[in-house]
Amino acid sequence: MKDILNDLNEEQRVAVTATEGPVMVIAGAGSGKTRVLTYRIAHLINKGIDPFHVLALTFTNKAAREMKDRIIKLLGSSESANVWMGTFHSVFARVLRVEGQKLGYPSNFTIYDTDDTKRVIKAIIKDLQLDDKAYQVSYVYHRISSAKTSLITPEDYIQSPEIQEQDKSANKPLLGMIYQAYRKRCFQSAAMDFDDLLLNTYKLLRDFPEALYKYQHKFEYILVDEYQDTNYLQYLIVKMLAANNENLCVVGDDAQSIYAFRGANIQNILSFRKDYPEAQVYKLEQNYRSTKLIVEAANQVIKNNKNRIFKEVWTHNDQGHKIQVFRAITDGEEGMLVAGSIFEQRMNTHSPNEAFAILYRTNAQSRSFEESLRKLNIPYRIFGGISFYQRKEIKDVLAYFRLIINNKDEDALLRIINYPARGIGKTTIEKLQVIAEETGRSLWDTLESPGRGHFNEGTFQKLSAFATMIRSFSAMLGKKDAFELARHIMHAAGIKRELEEDKTPEGVNRSENVEELLNAIKEFATAPTPGPSPLEGEELELRASLADFMKDIALLTDADVEDKTNTDKVSLMTVHQAKGLEFPFVYIVGLEENLFPSIQSLNDRSDLEEERRLFYVAITRAQQRLFLSFAENRYRWGNLTFCEPSRFLEEIPQELLEFPRKASPPRPTFHPKDNFSDIITPKAPKINIPGHYKKVIGTQSPAGSVPASQEPMVEVFPGQEVEHPQFGKGKVLAVDGQGANKKVTVFFAGIGQKQLLLKFARLKVVTHDT
DNA sequence: ACCGTATTCAGCGCG
DNA sequence: TGAATACGGT
């Protein structure tokens, strides 16, 4: 066996071999953090530590999978598959399936994802007849989530004068009531949301000494990745688990903490030494990823933050090119400049598309880049958006599975009680809920036997037909495997028919998605993934059942669904999504005040510092070349607004930057006086007359975009043949209205008659030359 | 129950 | 701007 320690530099080797006692590794960007973690685990196993006793907690499922693969490769044995590796949520969900009874949960509890959680909150706000404008679902969700993370129970919440004061002044005095109702409803539904997975794990360890003992001895060695992004609950859990022998190794980079907004606590990393005075702290400062210039730029930027652990990242790599800064007149032009630059760099360096990434602050910025890339025929892939398992059609199908596995799952029941439409309408559902409330039974029980006289014969029939169907599915749970049962449900419940009836492109797409879900289930059922060591009390089954499939489906995210079609494409994503990734060529775009840094961050020093860390993360994704861009004018919420360049641009030393004056595709040349100092401190905004930009935009906008001008894009008249991107070719029957509101009635073959607003319809005139 | 229309709202998103 | 949802008429 070769000595794996030879693959490491001195700093890394020290961090890997210090296996006993508390260790903190501060790992600068690109310094081989993952390497240290994987080698450390491999080293532990080489030393004879049983993999069953090693717990490694990662930030994403993907990270866990990749790390596991690397360790297996490193050790050349699959022994390391027995390491407990995963996210906090997935590891402790598994623990709770076994131990949850202690807390009053059945082992088949449902996991509510953010969507489900918000649906429940929404329903509660409605039931309590509160104003849904004052009580916005996302706001309530955040409040509840942070209360849970801070170990504040609904009772604490209601009794705390301080919190009540806050909520009153925010005009939301009844938030505590919502929180209370929410907790009750989740518990009665035998459901845990993401915060509950952590909260209940904490309660388990806190209130059940035998459980604490068991897991303290099970997990002799604990490693936590991305420690800067852990929240208070995660911190407490780790602390309790590690309390016995303190073989705890946390790895992170305070400079890359970018999730404070959702509860991550940078204090966890900053105060590690206080919690463990005897802790060994190591820094990894040699960067293997980026050029000297990029490392220097990143260092200079992060220097402006006060709250940080000192470290100086350096590299042996080449000096590299200067950072190019593009100044664009509009966001549309920004797209063209960036796409043009990618085109050029790709040519000059013979790099594949996948070497390029465009990173932006907000998802809404992707559009101009998509358009420009499409125009230049550069293939791209957008990350983010709605993930596969979040799609409505998928969630509808999954709700059937949820209900038959756990018939207390009220959200699932409500979701499918009338999908596909079976004549159980709003009135009936409300009646059921009232009866359930009065009799103290679950909604499902009520539906199964509503009691005499509540419903007329027709409604009663519909309800019992539904109940019978669901019961019959439940009965098959133990008999059919996941795929057989899923397919059966799709047919028997009429989901398949419902989906296939919709012939619109969106409908076909939905149908395909559900088909894809079935494929995934089939794959799962025929080749069950060899899970890690079974927990004591976990049951092993021969064939993968639907219940197995559903166990952690809520814990999957987009990153876990592999994209087979994704090969050589430019990546478009938010900076947050880029965390942990690297690309030879990186474009950071939209570097404007109020956008990056975001407008919400400007009032608070710590928020601004988080934005700066975000920028730091963005810069350090680049291996060879970095490009920055900003627009002087940008469409935001429908109107053109003037933008100032980001303060972050000033924080990079000028000598590291260059400003190509050359505009990519044909466009008016800029004045020589447009140098950077002029840009950084814009005096009076020169021109802000919409008319001035119209021409620029007009010539750039591809046919797909909505032009700013009032003139319609096409002249249409009855009898004309036109083409629509979705509906295909059709014939204009009538034109009504004036100007912006001009409406056309078009007959599309195979689809029928459609009324379209000319302004939006993206119609193309079909010309018949000859 | 369902459809078209009006209105509203807009941050980043791990699990 | 445009998506998502609420509303209101049939």
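The chains referred to below are lettered A, B, ... by the order of the sequence lines, with proteins before strands, and numbering in each begins at 1. Just so you know, these numbers come straight off a predicted model, no measurement behind them.
- Between the NZ atom of Lys62(A) and the C1' atom of dG15(B) there is a distance of 15 Å, given to the nearest Å.
- For dG13(B), the OP1/OP2 oxygens have a side-chain nitrogen or oxygen of Gln577(A) closer than 4.0 Å.
- Among dG15(B), dA10(B), dG13(B), the nucleotide with an atom closest to any side-chain atom of Gln136(A) is dA10(B).
- Taking atom CG on Leu614(A) and atom P on dC14(B), their separation rounds to 14 Å, with Å as the unit.
- Distance check on atom P: dG13(B) versus dA4(C) gives 16 Å, rounded to whole Å.
- As rounded to whole Å, 17 Å separates atom P of dC12(B) from atom CD1 of Ile588(A).
- Within the 4.5 Å cutoff, side-chain heavy atoms of Leu151(A) are placed close to those of Tyr202(A).
- Taking only side-chain nitrogens and oxygens, Asn363(A) never comes nearer than 4.0 Å to OP1 or OP2 of dG11(B).
- Residue-level contact check: Arg361(A) touches the bases, meaning some heavy atom is under 4.0 Å from a base atom.
- Contact annotation: Thr574(A) side-chain N/O to dG11(B) OP1/OP2 distance is not under 4.0 Å.
- Both Asn418(A) and Gln600(A) sit near DNA chain B, but only Asn418(A) has its closest nucleotide nearer the 5' end.
- A cation-pi arrangement, defined by a distance under 6.0 Å to the six-membered ring centre and an angle within 45 degrees of its axis, is absent between Arg612(A) and Tyr616(A).
- Residues Asp607(A) and Ala421(A) both approach DNA chain B. Their nearest nucleotides, taken by heavy-atom distance, put Ala421(A) toward the 5′ side.
- Salt bridge status for Lys395(A) with Asp116(A): present, with a side-chain N to carboxylate O gap under 4.0 Å.
- For the pair Ile258(A) CD1 and dG11(B) P, the interatomic distance rounds to 17 Å; values are reported in whole Å.
- Atoms CG (Asp225(A)) and P (dG15(B)) sit 13 Å apart, rounded to a whole Å.
- Counting non-hydrogen atoms under 4.0 angstrom, Ser90(A) reaches the backbone sugars and phosphates but no base.
- Using a 4.0 Å heavy-atom cutoff across all strands shown, Glu611(A) reaches at least one base atom of the nucleic acid.
- The NZ-C1' distance, from Lys148(A) to dG15(B), rounds to 13 Å in whole Å.
- Within 4.0 Å (heavy atoms only), Lys392(A) reaches no atom of the nucleic acid at all.
- For Tyr259(A) and dC12(B), the ring-to-base geometry does not satisfy the stacking test (centroid distance below 5.5 Å, interplanar angle below 30°).
- In terms of phosphate contacts, Arg367(A) brings a side-chain nitrogen or oxygen within less than 4.0 Å of OP1 or OP2 of dG2(C).
- When the C1' atom of dC12(B) is taken as reference, atom CD of Gln256(A) falls 16 Å away, rounded to whole Å.
- Remark: Phe88(A) CZ to Gln234(A) CD distance equals 4.5 Å, nearest 0.5 Å.
- Judged by distance alone with a 3.5 Å cut-off, a donor-acceptor contact links the side chain of Arg262(A) to the base of dC14(B).
- Residues Asn406(A) and Thr110(A) have side chains that bring a donor and an acceptor to within less than 3.5 angstrom of each other.
- Taking atom OH of Tyr112(A) as the reference point, atom C1' of dC14(B) lies 21 Å away to the nearest angstrom.
- Within the structure, every side-chain polar atom (N or O) of Asn231(A) is placed at least 4.0 Å from both OP1 and OP2 of dG15(B).
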- For Tyr259(A) and Asn231(A), run side-chain hydrogen bond (donor to acceptor under 3.5 Å, both in side chains): C-alpha distance rounded to whole Å, both residues' side-chain angles, the deciding distance at 0.1 Å, then the answer. CA-CA 9 Å; Tyr259(A) 284 105; Asn231(A) 65 29; over 6 Å; no

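- Counting any heavy atom pair closer than 4.0 Å across all strands shown, Ser598(A) reaches a base atom.
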